[in-house]
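Everything below concerns the one structure shown next.
What's counted below: heavy atoms across the whole structure, side chains too, no hydrogens, waters or symmetry copies.
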Amino acid sequence: MYFLKRIVFVKRHVWFFRIYETVFIAYYNNTKAFIDGYIKSESDAEELTEDLFVNLWINHSSIDASRSFNAYLHTIARNAAINYLKHKYVHDTYLNNNQEIEYSSTSEEDFIAKELGLLIDELVEKMPEQRRMIYTLSRNEGLSNAEIAERLDTTKRNVESQLSLALKEIRKVISCFLMSLL
């Protein structure tokens with residue numbers, strides 16, 4: 001008995017698949033062209049159409065056979081295109097707003113950044129010569145502490161110490177500068 005039920009199930013499944021395949025072949029190109037007319041992107045239209053037919057297969061039991069299949073397919077294709085456009089609009093709006101926020105700076109911010117840069121440059125110029133050279137080689141030329149030690153014929157520990165002192169001075173000046181802005 002189980003074997004007989006299994007054969008009936010498999011035959012029914014194969015029958016549904018053949019019907020689905022026939023529907024897919026008959027309606028795919030027109031549906032894709034219809035969606036492409038809405039969204040103006042062939043690759044996205046192709047993806048939406050494929051998703052539409054996958055959902056059609058998954059939900060085939062909910063299709064009302066007494067109604068027009070063309071109208072049903074037209075409605076779900078239109079809704080898929082409209083939902084895609086809504087999502088795209090929200091996504092694009094979000095990206096545009098974020099980019100404006102991230103990349104726009106006021107003239108006041110530019111002025112503060114320049115002032116801070118000049119203050120740091122002035123501080124670096126007033127540092128003892130070895131400290132200034134170590135800081136410049138580290139930050140401007142991107143050398144490692146070992147490379148700086150070799151170039152200046154000193155120990156790596158001395159480079160680390162001088163760099164630490166230079167950064168401490170810079171942090172102190174930046175802190176005072178920022179406090180003056182408040």
Worksheet item: Does Glu141 come within less than 4.0 Å of Arg151, counting only side-chain N to carboxylate O?
Response: yes
Item to complete: Evaluate the criterion side chain to side chain contact (heavy atoms under 4.5 Å, CB included) for residue pair Leu119 and Val173; output intermediate values, then yes/no.
Response: CA-CA 8 Å; Leu119 191 60; Val173 166; 3.4 Å; yes
Worksheet item: How long is the span from the CD1 atom in Ile39 to the OH atom in Tyr84, to the nearest 0.5 Å?
Response: 5.0 Å
Item to complete: Search all heavy atoms of Lys32 against all heavy atoms of Ala45 and return the closest pair with its distance.
Response: O-CB, 3.9 Å
Worksheet item: Out of curiosity, Leu56 CG to Ile76 CD1, how far, rounded to the nearest 0.5 Å?
Response: 5.0 Å
Discussion item. Salt bridge check, Lys156 against Glu150: does any charged N sit closer than 4.0 Å to a carboxylate O?
Written reply: no
Item to complete: Evaluate the side chain to side chain contact (heavy atoms under 4.5 Å, CB included) criterion for residues Asn70 and His74: first the C-alpha distance (whole Å), next the side-chain angles of each, then the deciding distance (0.1 Å), finally the verdict.
Response: CA-CA 6 Å; Asn70 280 336; His74 177 82; over 6 Å; no
Worksheet item: Do the ring planes of Tyr38 and Phe34 sit parallel (below 30°), tilted (30 to 60°) or perpendicular (above 60°)?
Response: perpendicular
Fill in: Salt bridge flag under 4.0 Å for residues Glu169 and Lys172
no
Discussion item. Contact between Arg139 and Ile170 at the side-chain level, heavy atoms closer than 4.5 Å - yes or no?
Written reply: no
Worksheet item: Hey, is CD on Glu47 packed in by over 12 heavy atoms from elsewhere, all under 6.0 Å?
Response: no
Worksheet item: Are any side-chain N or O atoms of Asn158 and backbone N or O atoms of Thr154, one a donor and one an acceptor, separated by less than 3.5 Å?
Response: no
Worksheet item: Judged by atom type as modelled, is there a donor-acceptor pair below 3.5 Å linking the side chain of Thr136 to the main-chain atoms of Arg132?
Response: yes
Worksheet item: Do you know which two heavy atoms are closest between Ile134 and Ile148, and how far apart they sit?
Response: O-CD1, 3.8 Å
Response to the item:
Value for CG (Leu48) from CZ (Phe53), rounded to nearest 0.5 Å, stands at 12.5 Å
Practice prompt. Calculate, to the nearest 0.5 Å, the distance between atoms CD1 and CG belonging to Ile35 and Leu52 respectively.
Written response: 5.5 Å
Discussion item. Do Asp64 and Tyr72 pair up side chain to side chain, a donor and an acceptor below 3.5 Å, judged on atom types alone?
Written reply: no
Worksheet item: Stepwise, does the side chain to side chain contact (heavy atoms under 4.5 Å, CB included) test hold for Glu147 with Ser144?
Response: CA-CA 5 Å; Glu147 291 171 326; Ser144 69; 3.2 Å; yes
Worksheet item: In terms of ring plane angle, is the pair Phe69 and Tyr27 parallel, tilted or perpendicular, where the classes change at 30° and 60°?
Response: perpendicular
Discussion item. Just so I know, are the side chains of Val23 and Tyr28 near enough to count as touching, which here means a heavy-atom distance under 4.5 Å?
Written reply: no
Worksheet item: Can Ser138 and Leu143 be said to form a side chain to side chain contact (heavy atoms under 4.5 Å, CB included), step by step?
Response: CA-CA 5 Å; Ser138 173; Leu143 298 179; over 6 Å; no
Fill in: Expected output: side-chain Thr93 to main-chain Tyr89 donor-acceptor under 3.5 Å
yes
Practice prompt. May I ask whether Leu165 and Tyr135 are part of the same hydrophobic cluster, defined by side-chain heavy atoms of I, L, V, M, F, W, Y residues being less than 4.5 angstrom apart, directly or through others?
Written response: no
Discussion item. Does this structure show an ion pair linking Lys40 with Asp36, if we count only N-O contacts that are shorter than 4.0 Å?
Written reply: no
Fill in: Within 6.0 Å of CD in Glu42, more than 12 heavy atoms from elsewhere
no
